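Throughout, a chain's letter reflects where its sequence line sits, starting with A, and its residues are numbered from 1. Quick caveat, the model's predicted, so the values are computed rather than measured.
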2 protein chains.
Amino acid sequence: MLAAQIAEVELFAGLAPAALDEVAARARVQSLPRGTLLFAQGTAAERCHVLLAGCVRIAQSDEDGRQLIVRFVGRGEMFGTVALFTDRHYPADAMTVTDSVEVSWTEARLLEFLHRYPQIGLNLVRIVGARLREAQERLGELATQRVEQRIAHALLRLANCSGSAAATAGTIDYPLTREDIAQMCGATLYTASRVLKAWERAGYVASNRKGVRIIEVPEIRRIAAASAAREA
Amino acid sequence: MLAAQIAEVELFAGLAPAALDEVAARARVQSLPRGTLLFAQGTAAERCHVLLAGCVRIAQSDEDGRQLIVRFVGRGEMFGTVALFTDRHYPADAMTVTDSVEVSWTEARLLEFLHRYPQIGLNLVRIVGARLREAQERLGELATQRVEQRIAHALLRLANCSGSAAATAGTIDYPLTREDIAQMCGATLYTASRVLKAWERAGYVASNRKGVRIIEVPEIRRIAAASAAREA
DNA sequence: CGAGCAATTGAACCCGCTCAAACAACGTGG
DNA sequence: CCACGTTGTTTGAGCGGGTTCAATTGCTCG
């Protein structure tokens, strides 16, 4: 049932069952094969999107064609919605990276919900605030750390074990190329390849065409946190 | 009158005069000399701040002590508020860079206002969304552009003429050191100095201890947009 | 099994960093 | 009002991390 799935979406956290039913009733659901472009950078933003299954890559490209991967959207996450509140144009492309299921609502509907259920507004601020925080964290990394550390951070974030949770292994279970990794941390695919290969040789990570596994999370954490000082 | 000044604050845009009066009545106002630390990175976030006059530098430092300037807060801008909705700890330091006047409200009061005047919630989403957008823009720059271009972008942003507005000159009228510039765009103060000096020699900008003036905005824009391709 | 995409590896180069030192602009107090 | 300390700026020389370009190898899937 759709409402049950929507209940797990952070954007709609704390809503009463009746409200969830209403939200669900107004949704448009789409199944999308891998490689589908959901929206393109620069086009008019018209809908609020939530991913129910699969994985979507959000990537921004500048005038020279160089790309930056803003983030990967996972199950239950909202995307493409901030544009509705700013300049009404998507700042990036969204493309499915595996077969996916998406739900969306028109802007008018979202505003109606926001008005009727103020909790959604708070959720929205919390979500966008958390993203702003993460973006600023990345800015700090990009400005001060070296490539190796940035890649380590990127992997930890993707595997959801960047928190202090003492996870001993993390998995990224969707295709992630060296180029993807490079475009997430401002490096070239060559450098990313060299770093990853070195880690594989050391037994810290394993990767194939289906995803990446972090075997030695503590080791990767150590690299991520490694101060500029060289180590023994 | 305080309410009149608060009426110009984006966070409270669209509020009725009575509401503005109430908001003003609950505010705490502080005059702060230059160099005052308003809050420190890592400490508990308790208030929503708005700057009425002056200038505040928001800077984040990592474990190695390297700093990233997140932004400069100007008149009428909100700051230190997102933390209330995320992990309740300031992610950066805030320090006045000129003599300033700040108003603030407790978190409880802000939530009360949010509940009573839903417009504030929408404003908040719009403001935070715009900042997220800017942060992502900077991420793209940091990841793909070279120092010269990043400095150009930083100056244009600070002088509020990064938009397509055909401004012919821009001014930053607060002390801005080469180190500040460097810390905004992930460079060293030495590189920033060399670039700025070169621009001064070319007559594109002028700077002293009181601020920076962009004399040839189009020229700086050209540098900012310069594709990787070398020019004649 | 072969076509095509992704990954690996090598060699050379260069942008921006690091370190070091001199220099200019202030504000302050004698 | 000048001497001085402080703070910010400029400039040089040398190095190195990461890029660029080019070529090869290795998966996968049709």
Would you kindly give the [atom1]-to-[atom2] distance between [X] and [N], to the nearest whole Å?
X: Gln183(A); N: dG18(D); atom1: CD; atom2: P; result: 18 Å
X: Lys210(A); N: dA6(C); atom1: NZ; atom2: P; result: 15 Å
X: Lys197(A); N: dT24(D); atom1: NZ; atom2: P; result: 19 Å
X: Leu196(A); N: dG26(D); atom1: CG; atom2: C1'; result: 16 Å
X: Ile181(A); N: dA6(C); atom1: CD1; atom2: P; result: 13 Å
X: Arg150(B); N: dG16(C); atom1: CZ; atom2: P; result: 7 Å
X: Tyr190(B); N: dA13(D); atom1: OH; atom2: P; result: 17 Å
X: Ile151(B); N: dT9(D); atom1: CD1; atom2: P; result: 13 Å

So which nucleotide from [options] ends up closest to the side chain of [X]?
X: Leu189(B); options: dT9(D), dC21(D), dG16(C); answer: dT9(D)
X: Asn208(A); options: dT19(D), dT28(D), dT11(D); answer: dT28(D)
X: Arg194(A); options: dC17(C), dT20(D), dG18(D); answer: dT20(D)

Note to self: Need one value for Arg209(A): base, sugar-phosphate or nothing, where a base atom within 4.0 Å counts as base even if backbone is also close, heavy atoms only.
What the structure shows: base
Note to self: Does Thr177(A) reach a base, just sugar-phosphate, or nothing at all? Heavy atoms under 4.0 Å.
What the structure shows: sugar-phosphate
Check: Is a salt bridge present between Glu141(A) and Arg157(A), judged by a nitrogen-to-oxygen distance below 4.0 Å?
Finding: yes
side-chain N/O [X] vs [N] OP1/OP2, d < 4.0 Å:
X: Arg146(A); N: dG17(D); result: no
X: Thr188(A); N: dT19(D); result: yes
X: Arg178(A); N: dA6(C); result: no
X: Ser193(B); N: dT9(D); result: no

Next item on the list: Using a cut-off of strictly less than 4.0 Å between a heavy atom of the residue and any atom of DNA chain C, enumerate the qualifying residues of residues 198-207 of chain B by number.
Entry: none
Notebook entry, point to check: Would you find a donor on one side and an acceptor on the other, under 3.5 Å apart, between the side chain of Asn208(B) and the backbone of Lys210(B)?
Noted result: yes
Margin query: Can you tell me how the ring of Phe39(A) sits relative to the ring of His49(A), calling it parallel under 30°, perpendicular over 60° and tilted otherwise?
Written below: tilted
Note to self: Would Glu134(B) and Arg71(B) count as a salt bridge (Lys or Arg N to Asp or Glu O under 4.0 Å) here? Give the steps.
What the structure shows: CA-CA 10 Å; Glu134(B) 187 189 307; Arg71(B) 65 192 184 105; over 6 Å; no
Next item on the list: Pick out which of Leu176(A), Ile58(A), Val56(A), Ile172(A) makes a side chain to side chain contact (heavy atoms under 4.5 Å, CB included) with Phe72(A).
Entry: Leu176(A)
Next item on the list: Look at atom CZ of Arg126(B) and say whether more than 12 heavy atoms of other residues, nucleotides or ligands are closer to it than 6.0 Å.
Entry: yes
Notebook entry, point to check: Of Asp93(B), Thr96(B), Asp180(B), which meets side-chain hydrogen bond (donor to acceptor under 3.5 Å, both in side chains) against Arg57(B)?
Noted result: Asp180(B)
